[in-house]
K.L.:
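Take a look at this one; I'll ask things after.
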Amino acid sequence: MTAAEIARLAGVGRAAVSNWRKRHADFPAPVGGSAASPEFDLGQVEQWLRDQGKLPELDTADRLWRHLAAAGESPAAALVAVGARLLARHRDHPPQDTTAPPAGSQPGTALPAGSLPTALPAAGSLPAALLADVDALADERGAPDAFDELWRRFSGPGPGRPLATPDDLADLMVGLAAAGGGTVLDPAVGSGATLRAAARAGCTAAYGQEIDADLAALAGLWLALRDVPGEVRTGDSLRADAFAGQPVDAVVCHPPFGVANWGDDELGHDPRWIVGTTPRTEPELAWVQHALAHLRVGGHAVLLMPPTVASRRAGKRIRSELLRRGHLRAVIALAPGVAASHGVPLHLWVVRRAATDAPPPPRALLVDAAGGELAETAPRVLAVWRDFDTAPDAEVDQAGFARTVPVIELLDEEVDLTPARRQPAVGGEASGEQLVRTRERLAAVVAELPALMPPAIPAPDGAAGQFLTVGELLRAGALHLVGPVRAGVSEPAPDGPPVLTVGDVLAGAQASGRIDDRYGQQIPLEVGDVVVPVVAQQLTARVVTTAGALLGRNLYLLRPDPGALDPWFLAGQLRTSANEKQASSLSGTLRFDIRRASVRRLGLPEQRAYGEAARRLDDFERALRQAATLGAELVQLTADGLARGAIRPT
């Protein structure tokens, strides 16, 4: 294990580990790595921490993952062995009370032969101590949820672990592909993030192929443990298509970028090249054509692409044919950093298998969402895409964000599909009148900040008092916990109730999602409920102030007994730095178990006083956020106006 993993294990910073190595002669010596990045033996480090009283108590999932992460062969192979054990338990003892499975599946049934791509290790290949923890975790959470807990830790950054497609990005891709209710294929499945998103959206069957046998096994295990019909096979999708001739309703894919040796020399006349032979230097366009070849007519594929594919000269001919034949429907630029290790604004390509005898649509959609966080822009991206998909002849012109561009305009000398280069400049009216309005709004918000600023009155020493965990409050009946639910945000329904999403909670915004009746139980939110995202960059708690919305997925709903707990007091207690550390996983993933969070024990009158302070703090935070947004808008409008001469310097 690395020094960073030791720090996470002990719940300290990297600097503390460095100090221990310098100050304690008995600190374990490195057993591998390099001088700049040494690696240590897990058993020796655990024993030293235990002797020093620095080893915190861990729950079963954290203890088990700690050993899997240090597995000699690879964390993936070790997790596959654990998954095989969990799958055997699941098939021997299927759950009796489950949430609604995807259409066409039967809870507790085995998948067809071949669903798992490799011969899985026998349970006996695991050490006895690990077997005990695996069985204990399965008893605590059930086999499917136990595997989920370990998979989330595996998908976080660390040695020997691949970089998984983030859940929010995978959900957006599945939403754009309309993958709910149909069959889905991911030809570069990795450990299965996109297929998991498709299953959450309600796909009827999920198929995948992955060149890494261990990752393919993980993806297949997850499908099997969740009783999702489908199959994951091992192999190189471009060189040896395991699903040749099998059409699907949707394809979602995060293909490898920039692979030089992808098989172009042996695939020169492959039948999948339906718009022409793919150039050797354009491997990503080979994946686009591979996805297109697997779609039924009318089906959509969504692929994550590097931005250079939209403009490289070598790919001009393929881009032209995709447009001319009506296959390429949209290019969407995302903010930098939406997928780990990629610091550039990646693109999503939305392609549609057009009928050969249908006239090509006259327009394509270009969306520039590179200027905002994915949680904020994803609902807007989905809305503009669905409007365009419903009415492809209609004109869309959202200045600086989305535009439908005539295909004939795109078929110029470069066939450059970069969204930012096709967005019209903001007009002079916007730079003048809008500049004045933005200045006035910013000035008004800034003027309110001093009154909203929280007090800073020190409390007397020893005033902290006793604390109770959320789990203890639940057992005492002072609080009820609902969720996280597995409801999926679906196509907007004009007459349906809004759904509160994780993005809404993080942004302090009103409910913006939509849900339909295919997604199981709908849970209405009530005034005074407290909602907390399960996965986020930091622990966030919001009080519901308006009834009528539904609880979205990946959110805890905490409903306090009004005679025992003030909701604003509860929200203020939950969002502390101490709770963020106490409730989050030690593996480095930003997933919270809210039952571990602590709440100060106070009488209801005192709670209400603290709750009012927490409410004012929430107002202050919202005003700061609004000021930051308006400030950024003012800077951009001013820069644009000065550059074009629409406004003058004073």
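Numbering of residues begins at 1 and proceeds along the displayed sequence.
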K.L.:
Walk me through whether Phe592 and Val532 qualify under side chain to side chain contact (heavy atoms under 4.5 Å, CB included).
P.N.:
CA-CA 9 Å; Phe592 300 102; Val532 180; 5.6 Å; no
K.L.:
Looking only at non-hydrogen atoms, find the nearest pair between Ala571 and Val530 and report the distance.
P.N.:
CB-CG1, 4.2 Å
K.L.:
Evaluate side chain to side chain contact (heavy atoms under 4.5 Å, CB included) for Val288 paired with Val309, printing each intermediate quantity in order.
P.N.:
CA-CA 11 Å; Val288 172; Val309 181; over 6 Å; no
K.L.:
Just do the side chain to side chain contact (heavy atoms under 4.5 Å, CB included) check on Leu86 and Val134 with the steps written out, would you?
P.N.:
CA-CA 7 Å; Leu86 292 171; Val134 172; 3.8 Å; yes
K.L.:
With heavy-atom distances below 4.5 Å as the criterion, would you say the side chains of Leu304 and Leu334 are in contact?
P.N.:
yes
K.L.:
Is there side-chain contact between Val184 and Asp249, with at least one heavy-atom pair below 4.5 Å?
P.N.:
no
K.L.:
For the pair Arg325 and Val275, evaluate side chain to side chain contact (heavy atoms under 4.5 Å, CB included) and give the outcome as yes or no after the intermediate values.
P.N.:
CA-CA 8 Å; Arg325 303 190 194 188; Val275 299; 4.0 Å; yes
K.L.:
Would you call Arg141-Asp148 a salt bridge at under 4.0 Å N-O?
P.N.:
no
K.L.:
Checking Thr204 side chain against Gly182 main chain: does a donor-acceptor pair fall under 3.5 Å?
P.N.:
yes
K.L.:
Kindly compute the distance separating CG (Leu479) from CD1 (Ile594), expressed to the nearest 0.5 Å.
P.N.:
9.5 Å
K.L.:
State whether the side chain of Gln209 and the backbone N or O of Ala242 hold a donor-acceptor pair below 3.5 Å, judged by distance alone.
P.N.:
yes
K.L.:
What pair of heavy atoms forms the shortest contact from Ala364 to Val407, and how long is it?
P.N.:
N-CG2, 4.2 Å
K.L.:
Find out whether Asp529 and Val543 are in side-chain contact, i.e. whether some heavy atom of one side chain is under 4.5 Å from a heavy atom of the other.
P.N.:
no
K.L.:
Is a donor on one side and an acceptor on the other found under 3.5 Å between the side chain of His347 and the backbone of Ala310?
P.N.:
no
K.L.:
Check the orientation of Trp385 and Phe388. Use parallel for under 30°, tilted for 30 to 60°, and perpendicular for over 60°.
P.N.:
tilted
K.L.:
Drop me the distance from Arg200's CZ to Leu195's CG, to the nearest 0.5 angstrom.
P.N.:
10.5 Å
K.L.:
Test salt bridge (charged side-chain N to carboxylate O under 4.0 Å, His left out) on Asp139 and Arg89 and set out the steps.
P.N.:
CA-CA 10 Å; Asp139 290 338; Arg89 285 180 55 104; 2.5 Å; yes
K.L.:
Quick one: CE on Met173 to CD1 on Ile332, what's the gap to the nearest 0.5 Å?
P.N.:
10.5 Å
K.L.:
For the CG atom of Asp241 and the CG atom of Asp236, what is their distance to the nearest 0.5 Å?
P.N.:
10.0 Å
K.L.:
Which heavy atom in Phe257 sits nearest to a heavy atom in Met305, and how many Å separate them?
P.N.:
CZ-C, 4.0 Å
K.L.:
With a 4.5 Å heavy-atom cut-off, do Leu79 and Phe147 have their side chains touching?
P.N.:
yes
K.L.:
Leu525 versus Leu500: any side-chain heavy-atom pair under 4.5 Å?
P.N.:
yes
K.L.:
Do the charged groups of Arg363 and Asp393 touch, with an N to O distance under 4.0 Å?
P.N.:
no
K.L.:
Might you point out which heavy atoms bring Leu551 and Leu557 nearest each other, and give the distance in Å?
P.N.:
CD2-CB, 3.8 Å
K.L.:
Roughly how far apart are Leu322 CG and Leu292 CG, rounded to 0.5 Å?
P.N.:
7.0 Å
K.L.:
Side chains of Arg575 and Gln538: is there a donor and an acceptor less than 3.5 Å apart?
P.N.:
no
K.L.:
So does Asp389 pair up with Arg329, basic N to acidic O under 4.0 Å?
P.N.:
no
K.L.:
Hey, are Arg226 and Asp145 close enough for a salt bridge, meaning a charged N less than 4.0 Å from a carboxylate O?
P.N.:
yes
K.L.:
Judged by atom type as modelled, is there a donor-acceptor pair below 3.5 Å linking the side chain of His90 to the main-chain atoms of Pro144?
P.N.:
no
K.L.:
Kindly say whether Leu365 contributes a backbone atom to a donor-acceptor pair with the side chain of Thr404 at under 3.5 angstrom?
P.N.:
no
K.L.:
Would you say His290 and Asp270 are linked by a side-chain donor-acceptor pair, where the criterion is simply a distance under 3.5 Å?
P.N.:
no
K.L.:
Judged by atom type as modelled, is there a donor-acceptor pair below 3.5 Å linking the side chain of Glu373 to the main-chain atoms of Ala375?
P.N.:
no
K.L.:
Side-chain contact, heavy-atom cut-off 4.5 Å: Trp222 with Val232?
P.N.:
no
K.L.:
Give a yes or no on whether the backbone of Val297 and the side-chain of Arg352 come within a donor-acceptor separation of less than 3.5 Å.
P.N.:
no
K.L.:
Dump the intermediate steps for side-chain hydrogen bond (donor to acceptor under 3.5 Å, both in side chains) on Asp387 and Thr390, then the final yes or no.
P.N.:
CA-CA 5 Å; Asp387 288 345; Thr390 303; 5.7 Å; no
K.L.:
Measure across Arg595 and Leu481 and return the closest heavy-atom pair with its distance rounded to 0.1 Å.
P.N.:
NH2-CD2, 3.6 Å
K.L.:
Nearest 0.5 Å, please: how far is CG in Leu223 from CG in Leu87?
P.N.:
11.0 Å
K.L.:
Which atom names give the shortest non-hydrogen contact between Leu295 and Val351, and what distance separates them?
P.N.:
CD1-O, 4.2 Å
K.L.:
If we only count heavy atoms from C-beta on, is the Tyr207 to Pro187 side-chain gap below 4.5 Å?
P.N.:
no
K.L.:
Looking at side-chain heavy atoms only, is the closest gap between Arg403 and Val396 below 4.5 Å?
P.N.:
no
K.L.:
Test side-chain hydrogen bond (donor to acceptor under 3.5 Å, both in side chains) on Asp186 and His254; report intermediate values, then the result.
P.N.:
CA-CA 8 Å; Asp186 184 346; His254 176 176; over 6 Å; no
